[in-house]
Amino acid sequence: MEDLGTFDYVVVGAGSAGCVLANRLSADPTRRVLLLEAGGRDTWIWFHIPVGYLFAIGKPRADWMYTTAPVPGLGGRALAYPRGKVIGGSSAINAMIYMRGQAADYDGWRQLGLAGWGWDDVLPFFLQHEDHASPPNDFHRAGGEWRVEHPRIRWDLLDAIRDAAEQAGIPKVPDFNTGDNEGSSYFQVNQRRGRRVSAARAFLRPALSRPNLRLETGIHVDHVEIVDGRATGVVFSRGGERFRAGAAGEVVLSAGAVNSPAILERSGVGDGARLREAGIAVAHHLPGVGENMQDHLQIRPVYKVTGVRCLNTDYWNLARRAWMGVEYGLFRTGPLTMAPSQVGAFTRTSPDYATANVQFHFQPLSLDKWGDGLHRFGAFTASVANLRPSSRGSVHVASPAPDAPPTIAPNYLATEEDRRVAVDSLKIARRIAAQPALSRFRPQEYLPGPEVATDDELFAAAGRLGTTIFHPVGTAAMGLASDPMAVTDERLRVRGVRGLRVIDASVMPRITSGNTNSPTIMIAEKGAAMMLEDARTGPAP
């Protein structure tokens, strides 16, 4: 085993959180930082052209190609579960949507007893790295690394959908990121002049020239070394060779909600009985590891339309397809700049909810699933997700082998509340499609189809159409010492193991109400500040 020496910080995972941590921790030239990434470099063109998600998701070059266990709530289907296989992680293949969630999400974390995680506490960390195209105000800043722009393409179809949503009782709003996102608007996106801005491009690339930051790619982390209750280093492999790197300060797991709990379990941190069954020696019994998994299940009704442009019809028209490339090359505008969803709508399925509890992603396109080709007919998709599901799933390793994929069991639609929200959200989609603003395009329901009428039939359809919207969180959740299922504390330290933190979407105790990438970057910003503070003053009790 080759010893790479000792670093002040070893960060595992160069995804959205890891790129931020590598930047912030290496800003002090006296601190040596090692960043370990299982994927490769982002040299492929489709990591940078926004529409590249159509070519990256479902491709082994860019996607770890995970699949879930069969999901009872989805009729026993196993789902493809994309995760980015590259520096920048899933921010290199995701929808690029800049979304913070709702103030109530973070205030809810604070009400769980997690001091410092309320909306007023986290907003400064969102602002710290933001570079927003709009003029600065109380909610937006310029000058940071995380570029936020408005879409560089508009569709008459989407404008009509916003009008229809307004007729259905969902008002138009200018900005989803002020703490209350109820209403409809165009999504803001992480792009710069028509190119994707991933976390690697924003945070990691500017820091790679620092001599105190070392990046290793194409590696598989075997385990974190734990000696006398303290993390002392990381063991990993590449190409059949094994390596060790020591950590004089801290080891940070930023491998995401799928792989951070898997690394903890391979390191002997998790439920003791489960670890022994998998052939792993127990270093610290922590039963919450891998539990509390939450994700936004998207249900994807599709409506055929006529007499209006959409990406389906443009793509299958050879002249228009050629013009897409020309337009992008000359002006950095047009369909190649598209996020998969341009218009969003947040609303409540029932007055029982104090804030919007579902999110629509309206798309001027349709396909059977991401990674497949576009349909050959004109259509839009009214993808809708339950923002705060009550179902809980899990992620666990089945063996100590670092290259063995973990068992992902999202457990969608396991509760009566989630089943009711699924049915009601499909009814709202139908109500929007039936409004006068869309009538000139003669929308016809393609999926689930007009023959699906009763609540039982709609629920069955939700099970057929439902799939992940790629937002797994919660598998190393923050919690109080009195909570036996808490994995990390409010400073993101793994309970019971010194010198070890988890800083990524895993630590969310409850999922945020919207896309989760920018909240993950905020968590990393705040987590890095905590680490640097502790390095100056000593760990807080």
Side-chain angles (χ1 to χ4, degrees), residues 46-47 49-63 65-68 74-75 77-84 90 92-97 151 153 155 157-158 161 187 189 196 295-306 308-318 320-321 324-325 334-344 359-385 412 425-426 429 432-433 438 441 443-449 452 461-471 515:
W46 292 118
F47 289 134
I49 296 177
V51 82
Y53 58 85
L54 286 173
F55 307 98
I57 292 176
K59 303 298 188 295
R61 179 171 183 172
D63 181 354
M65 306 289 288
Y66 292 139
T67 57
T68 71
L74 303 185
R77 289 187 297 128
L79 301 181
Y81 213 74
R83 296 283 87 198
S90 294
I93 65 172
N94 71 356
M96 297 163 284
I97 291 173
I153 184 172
W155 301 84
L157 176 57
L158 294 181
I161 287 172
F187 287 121
V189 291
R196 174 190 289 273
D295 188 12
H296 291 140
L297 177 74
Q298 63 170 334
I299 305 167
R300 297 179 55 79
V302 172
Y303 291 86
K304 290 184 175 181
V305 291
T306 58
V308 66
R309 283 182 57 209
C310 68
L311 188 60
N312 290 16
T313 53
D314 278 11
Y315 181 81
W316 292 111
N317 181 304
L318 293 181
R320 285 193 179 275
R321 193 191 307 183
M324 289 182 199
L336 294 190
T337 69
M338 281 177 54
S341 307
Q342 290 82 57
V343 162
Q359 176 183 7
F360 281 90
H361 292 252
F362 291 107
Q363 303 156 347
L365 56 86
S366 65
L367 36 67
D368 290 329
K369 66 179 185 299
W370 292 113
D372 286 359
L374 298 172
H375 291 146
R376 289 181 175 267
F377 49 78
F380 71 87
T381 301
S383 174
V384 60
Y412 301 116
S425 64
L426 286 172
I432 293 170
L438 281 169
F441 304 136
Q444 294 181 322
E445 188 173 307
Y446 174 69
L447 292 173
V452 176
R464 293 194 301 273
L465 300 178
T467 189
T468 177
I469 204 167
F470 323 129
H471 298 165
N515 304 70

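Below, all heavy atoms of this structure are taken into account, side chains as well, without hydrogens, waters or symmetry copies. The chain is numbered in sequence order, starting from 1.
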- Message: If you apply the rule side-chain contact (heavy atoms from CB on, under 4.5 Å), what do you find for Arg464 with Leu447, and how did you get there?
- Response: CA-CA 10 Å; Arg464 293 194 301 273; Leu447 292 173; over 6 Å; no

Does [X] reach the main-chain N or O of [Y] with its side chain, forming a donor-acceptor pair under 3.5 Å?
| X | Y | value |
| --- | --- | --- |
| Ser90 | Gly84 | yes |
| Thr381 | Leu365 | yes |
| Asp63 | Ile57 | no |
| Trp46 | Ile93 | no |
| Gln298 | Thr468 | yes |
| Trp155 | Leu311 | no |

Separation of [Y] [atom2] from [X] [atom1] (nearest 0.5 Å):
| X | Y | atom1 | atom2 | answer |
| --- | --- | --- | --- | --- |
| Gln342 | Ile97 | CD | CD1 | 8.5 Å |
| Ile49 | Leu336 | CD1 | CG | 6.5 Å |
| Ile299 | Phe360 | CD1 | CZ | 9.0 Å |
| Ser425 | Gln359 | OG | CD | 12.0 Å |
| Phe441 | Leu157 | CZ | CG | 6.0 Å |
| Gln363 | Arg300 | CD | CZ | 4.5 Å |

- Task: Would you check, one step at a time, whether the test side-chain contact (heavy atoms from CB on, under 4.5 Å) holds for Cys310 with Phe380?
- Result: CA-CA 7 Å; Cys310 68; Phe380 71 87; over 6 Å; no

Shortest non-hydrogen contact from [X] to [Y]?
| X | Y | value |
| --- | --- | --- |
| Phe187 | Gly344 | CZ-CA, 3.3 Å |
| Ile161 | Ile432 | O-CG2, 4.4 Å |
| Arg61 | Phe47 | O-CZ, 4.3 Å |
| Pro301 | Leu426 | CG-CD2, 4.0 Å |
| Ala95 | Ala339 | O-CB, 3.2 Å |
| Ser341 | His361 | OG-CB, 3.1 Å |

- Item | All side-chain hydrogen bond (donor to acceptor under 3.5 Å, both in side chains) counterparts of Tyr81, not counting sequence neighbours |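 side-chain hydrogen bond (donor to acceptor under 3.5 Å, both in side chains) list for Tyr81, sorted by chain: Asp295.
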
- What residues form a side-chain hydrogen bond (donor to acceptor under 3.5 Å, both in side chains) with His296, not counting sequence neighbours?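 side-chain hydrogen bond (donor to acceptor under 3.5 Å, both in side chains) list for His296, sorted by chain: His471.
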
- Query: Hey, does Leu367 have a side-chain heavy atom less than 4.5 Å from the side chain of Leu54?
  - Reply: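 They are in contact (side-chain heavy atoms under 4.5 Å apart), so the answer is yes.
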
- Message: Quick one, Pro151 and Thr337 - any side-chain contact, counting heavy atoms below 4.5 Å?
- Response: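 SC-SC contact between Pro151 and Thr337 ruled out.
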
- Query: Do Asn515 and Asn94 pass the side-chain contact (heavy atoms from CB on, under 4.5 Å) test, and can you show the C-alpha distance, the side-chain angles, and the key distance before you say yes or no?
  - Reply: CA-CA 10 Å; Asn515 304 70; Asn94 71 356; over 6 Å; no

- Query: Residues in salt bridge (Lys or Arg N to Asp or Glu O under 4.0 Å) with Asp314, at least two apart?
  - Reply: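 For Asp314, the residues satisfying salt bridge (Lys or Arg N to Asp or Glu O under 4.0 Å) (neighbours in sequence not counted) are Arg309, Arg320.
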
- Please find out if less than 6.0 Å separates the ring center of Tyr446 from that of Phe377.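 Judged by ring-centre distance (under 6.0 Å), Tyr446 and Phe377 do meet the cut-off.
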
- Task: List the steps and the verdict of side-chain contact (heavy atoms from CB on, under 4.5 Å) for Tyr315 and Arg376.
- Result: CA-CA 9 Å; Tyr315 181 81; Arg376 289 181 175 267; over 6 Å; no

